[in-house]
Amino acid sequence: GDWLLAVHPDDHEAAIAAWEDTRASDRPYRAEFRVWCSSQKCWRWHIVDARPHLNEAGQITRWYGAAIDIQEMRDAQDARDTELQLQRVERRTLDQIAKGAPLSQVLKSICTAMGDMLNGALSTVAMITEEGSHLHTSHSVDALEDWSRAVGQIEIAEGKGACGTAVFRRAPVYSTDIAQDPHWAAYRKLASDYGLAACWSVPVLDPSGQPVASFACYYTSPRAPGPAQIATLQRIAELISNAISQVENRDRLEASERRY
């Protein structure tokens, strides 16, 4: 019906299924889905509760309902869940480093964890090459390995995709729609061939503020990060920076001990 026009397209199926179940069982309707809020120009989560009105014959003649905005409640729960996930990733990273895991394993583990934490993100860490002019994606989730090989080294410069631009600027770059983003002119067709539609990239800086890598999250549909996701991206970039530094120090110390 017309009420579906106000429901987020991704929630149509669940909303309709709940309604059909209600009509088949004569139970009250209760569901959670996103509703368009015209005053704020965004989708917000609601609990929708509807009850039937019966006539004297026990037949349903109409429905009465109410929609309660629960966006702030969901945001608070999501923040708690994300913080717990971040703490688990941080503890696992420190444990891997302490047990002597190579940097490649540590960084791939971080990338893998981002899928659950950032709504299906496909993540990569691209290290700066020795000459300092390019990025080489050497650590990524399995789904991006072919993409990483195909794209090869990325020049660190303005307009060289999200990652090359982010490291050049030393500031995050959020390509919410690769098909329309001018930074992706050189890589747009390749990204389309691999089904990549959005990329959020954050430079990884060492303690002195010098870039050492980039951290990126790709999505298969256009998408913009919200404030909570932006904060998570920055925290992961800091974790990656610490991991790189700690592994380098550990390996340097072990090499020194072997010599003496």
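Below, each value reflects all heavy atoms present in this structure, side chains not excepted, and no hydrogens, waters or symmetry copies.
Counting heavy-atom neighbours within 6.0 Å of Q87 CD, excluding the residue itself, gives a total above 12. Around CZ of R169, the count of heavy atoms belonging to other residues, nucleotides or ligands within 6.0 Å exceeds 12. Shown here is E158, whose CD atom has more than 12 heavy atoms of other residues, nucleotides or ligands within 6.0 Å.
Checked against side-chain hydrogen bond (donor to acceptor under 3.5 Å, both in side chains), Q77 has the following partners two or more places apart in sequence or in another chain: R80, D81. Applying the side-chain contact (heavy atoms from CB on, under 4.5 Å) test to R51 and every residue at least two apart in sequence or in another chain returns P28, D49. In terms of the side-chain hydrogen bond (donor to acceptor under 3.5 Å, both in side chains) criterion, residue partners of R74 (sequence neighbours excluded) are, by chain and number, E32. Here D78 pairs with nothing under the side-chain hydrogen bond (donor to acceptor under 3.5 Å, both in side chains) rule; sequence neighbours left out. Considering only residues two or more places apart in sequence or on other chains, H8 meets the side-chain contact (heavy atoms from CB on, under 4.5 Å) condition with D10, D11, R34, W43. Residues forming a ring pair (Phe, Tyr, Trp, His ring centres under 6.0 Å) with H136 (at least two apart in sequence, or on another chain): none. Under the side-chain hydrogen bond (donor to acceptor under 3.5 Å, both in side chains) criterion, Q229 pairs with no residue, sequence neighbours left out. Contacts of W45 classified as ring pair (Phe, Tyr, Trp, His ring centres under 6.0 Å), with partners at least two apart in sequence or in another chain: none. Y29 pairs by the ring pair (Phe, Tyr, Trp, His ring centres under 6.0 Å) definition with W19, not counting sequence neighbours.
I47 and L4 are not part of a single hydrophobic cluster, where members link through side-chain heavy atoms under 4.5 Å apart. If you chain together hydrophobic residues whose side chains sit under 4.5 Å apart, W36 and F33 never meet in one group. When hydrophobic clusters are built by joining Ile, Leu, Val, Met, Phe, Trp and Tyr residues whose side-chain heavy atoms come closer than 4.5 Å, directly or via intermediates, M127 is grouped together with I97. In the hydrophobic cluster analysis, where Ile, Leu, Val, Met, Phe, Trp and Tyr join through side-chain heavy atoms closer than 4.5 angstrom, F215 is grouped together with V212. Clustering ILVMFWY residues whenever any of their side-chain heavy atoms sit less than 4.5 angstrom apart, transitively, puts I240 in a cluster other than the one holding L205.
Pairs engaging residues 176-204 under the salt bridge (charged side-chain N to carboxylate O under 4.0 Å, His left out) rule: K189-D193 [sequence neighbours left out].
The distance from the CD atom of Q105 to the OG1 atom of T93 is 10.5 Å, given to the nearest 0.5 Å. The CD atom of E90 lies 11.5 Å from the CZ atom of R88; values are rounded to the nearest 0.5 Å. Rounding to the nearest 0.5 Å gives a distance of 6.0 Å between OH of Y174 and CG of L233. The distance from the OG atom of S241 to the CD atom of Q246 is 9.5 Å, given to the nearest 0.5 Å. Annotation: the span from K99 atom NZ to R250 atom CZ amounts to 13.0 Å, rounded to 0.5 Å. If you take CG on D69 and SG on C37, they are separated by 7.0 Å, rounding to the nearest 0.5 Å.
Between G209 and R170, the shortest heavy-atom contact is O-NH1, 3.5 Å. Pairing each heavy atom of V173 with each of A162, the nearest pair is CB-O, 3.8 Å. When all heavy atoms of S140 and T124 are compared, the pair lying nearest together is CB-CG2, 3.5 Å. Contact detail for P222 and A197: the closest heavy-atom pair is N-CB, 3.7 Å. Shown here for V204 and S214, the closest heavy-atom pair between the two residues is CG2-C, 4.0 Å.
Within the 3.5 Å criterion, the main-chain N or O of A17 finds no donor-acceptor partner in the side chain of D21. The backbone N or O of A18 sits less than 3.5 Å from a side-chain atom of T22, completing a donor-acceptor pair. The closest donor-acceptor contact from the side chain of T165 to the backbone of G159 lies under 3.5 Å. Between the side chain of R235 and the main chain of L86, no donor-acceptor pair closer than 3.5 Å is present.
Hydrophobic cluster of I154: the remaining members, joined at side-chain heavy-atom separations below 4.5 Å, are L122, I128, L135, V141, L144, W147, V151, I156, V167, F168, I178, W184, Y187, L190, Y194, L196, Y218, listed by chain and number.
With contacts defined as side-chain heavy-atom distances shorter than 4.5 Å, the pair D251/E254 qualifies.
A salt bridge is absent between D95 and R91: the closest approach of a Lys/Arg side-chain nitrogen to an acidic carboxylate oxygen does not fall below 4.0 angstrom.
Between Q59 and N55, the side chains place a donor N or O and an acceptor N or O closer than 3.5 Å (distance only, hydrogens not considered). Judged by distance alone, the side chains of E131 and T129 do bring a donor and an acceptor atom under 3.5 Å apart.
Between Y64 and H53, the ring planes are perpendicular. Angles over 60° get that label, and only those under 30° would be called parallel.
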Per-pair distances, 0.1 Å, donor-acceptor, side chain in residues 107-121, under 3.5 Å, sequence neighbours excluded:
from, atom 1, to, atom 2, distance (Å)
K108, NZ, D142, OD1, 2.6
K108, NZ, E145, OE2, 3.1
S109, OG, R92, NE, 3.2
T112, OG1, K108, O, 2.9

